[in-house]
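Both ligands and their constituent atoms are indexed starting at 1 by order of listing. As the structure is a computational prediction, the values presented were derived from the model and not from experiment.
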Amino acid sequence: MKVIAVSGGVISGLGKGITTSSLGRLLKARGFAVTIVKIDPYLNVDAGTMNPYQHGEVFVLDDGTEADLDLGNYERFLGQSLSGTHNLTTGKIYRSVIEKERRGDYLGNTVQIIPHVTGEIKRAIRDVAQAAGAEVVLVEVGGTVGDIESMPFLEALRELSYELGEGHMAFVHTTLVPVVGPVGEAKTKPTQHSVRELRAIGIRPNIIIARGPAPLEPEIKAKISLFCDVAPEAVISVPDQRVIYEVPLVLEAQGVGPLLARLLGLPDRAPDHAAWKEFLQRYRREEGAGVDIAVVGKYTELRDAYLSHTEAFHHCQGHLGSEVRLHWFDSEDIPKNPGLVARLERAHGLLVPGGFGTRGVEGKIRAIEIARRRGIPFLGVCYGFQMAAVEAARHLVGLPQANSTEVDPATPDPVVGLLEQQRGVNDLGGTMRLGSQRIGLTAGSKVAGLYGRTEIWERHRHRYEINPAYFDRLAGAGFAVTGVSPDGRVEVLERADHPFFVGVQFHPEFLSRPEAPHPLYLALVRAALARAEVADRVGPSTAVA
Ligand code: GLN
């Protein structure tokens, strides 16, 4: 087993997840079997109950694990689906240590962080590598070196490198090199301090990834090399990129691929980045005027809350070669602000993503109504799909008080209600209808055409569903149910009288990949492009923002 540990220094939010994903990509492009593990040093067992404002989007895996959003980056960069064992948290590790203690597995011993907790961490990493059949496992340690909570994980990795022996493990440290002052001087001191911190716990980095706004000058690289005791060719500059998919090539251009192979004692193979480069070339092309897509949600101040949606649109841009511009609308503001409504009306497409709770739902319903009436291409995901049903019930069926019982438990018309299996569920962690589920699509429907098949698997995360008692009335209002689960739940609604109006109970955003954009996002963007073309012929700029 070969291991690459990726730590972070100075501050969080440096793009350590992208760095780790990109390193994985370099090895995968060389034909090595690669996998990635994310360590989140918080006490939560998983990310499922966390507000998106804390750590961004909750990413759902096939097996239903509610994971850190970096798992999404790993899947997209590697083009591989991962399972819940790839996301370790302090909560998970401690839970299993405590379970073992209760069973009597440590009988007679005092259970301690070293060796029991560190032992559990090492076991978890080895198990993942083995189950995945990986030649190389990358381990990203969340947080910043020096945090109390990440100490046991770094200690476990130090022990692991000792156990694996020389030439089997590489430490990559990601730091910030800020640029300050009137002449824009790059400062290495924070990097020096964080490397010192790492060395104090017995870890000597082999590679330093220096993040910053611009490429590092050779003398700054030399200085970091000297002060941090890292080979000059192992100080790598990764300046901010327009799109994250550039990063593997930025690393490749500085020789990181051969360097990793050498550090890990792997054969130095030539990489194959052909498909990746084609994607980036098309992405940069930006032919024509592009499209303006409105995204209406309630966490719009933090873009990471909708990361997978944003990435799915990047994948469309890299596939179609047209610029896809996203415009974020806070759903709470829409009912109060006529100016926003006017801007929404000029969008070429609308996405209403998933969500929870009552805040902002009326704005989502309003946005969906605009898209339905004006023929604006619309994709509704999970809550966005449920609200499309509520909107139709209110305005087409004539049930003005229709709602989801999540929003109004006393509504006379619960068009969306709690899943039967959810009644009596009190724990909130890991108890939704989660993960990959099979869906049958109606032959000849729009969605079946887009997928090119009638059986699909998509990832889920919900407690509520369309109430079967309203099926007939929704059908009468122009909705066709074109996707159902084997147990009869509505998974897809589409309208025939509209250029593109599709709602899905599942989360297509989790399965979109740069090399395989999701068919529903592609269809939305294609329909939006068609609308933009007409709009351009009709009048001048249709820009939303
Ligand atoms: N709140 C809704 C439900 O639980 C939708 C969930 C979602 O959008 N992920 O069913």
inquiry  = With nothing but distance in play, are any N or O atoms of R461 less than 3.5 Å from an N or O of ligand 1?
reply    = yes
message = Which of the numbered atoms in ligand 1 are under 4.0 angstrom from any heavy atom belonging to G354?
response = 8 (O)
request  = Find all atoms of ligand 1 within a distance of less than 4.0 Å from any non-hydrogen atom belonging to H507, and give their numbers and elements.
outcome  = 9 (N)
inquiry  = So, 4.0 Å and heavy atoms of Q386: is ligand 1 close enough to count as a contact?
reply    = yes
request  = Give a yes/no verdict on whether any heavy atom in E465 is under 4.0 Å from an atom of ligand 1.
outcome  = no
request  = Answer yes when E120 and R123 have at least one side-chain N-carboxylate O distance shorter than 4.0 Å, and no when they do not.
outcome  = yes
request  = Assert yes or no for the condition that the ring centre distance of Y451 to H518 is strictly below 6.0 Å.
outcome  = yes
For residues [X] and [Y], is any side-chain donor paired with an opposing acceptor at under 3.5 Å?
{"X": "Q505", "Y": "Y383", "value": "no"}
{"X": "E246", "Y": "Y283", "value": "no"}
{"X": "E494", "Y": "T482", "value": "yes"}

key: Steps toward side chain to side chain contact (heavy atoms under 4.5 Å, CB included) verdict (H462, C382)   = CA-CA 7 Å; H462 65 122; C382 207; 3.9 Å; yes
Give the residue and atom name of whichever protein heavy atom lies nearest to [atom], and the separation in Å to one decimal.
{"atom": "atom 7 (C) of ligand 1", "answer": "C382 SG, 2.9 Å"}
{"atom": "atom 10 (O) of ligand 1", "answer": "Y464 N, 2.9 Å"}
{"atom": "atom 4 (O) of ligand 1", "answer": "R463 N, 2.9 Å"}
{"atom": "atom 2 (C) of ligand 1", "answer": "E406 OE1, 3.2 Å"}

request  = Nearest heavy atom to atom 8 (O) of ligand 1 wins, so pick from G380, G357, G355, P353.
outcome  = G355
task = Taking all non-hydrogen atoms of both residues into account, name the closest pair between L69 and G56 and its distance.
result = CD2-CA, 3.8 Å
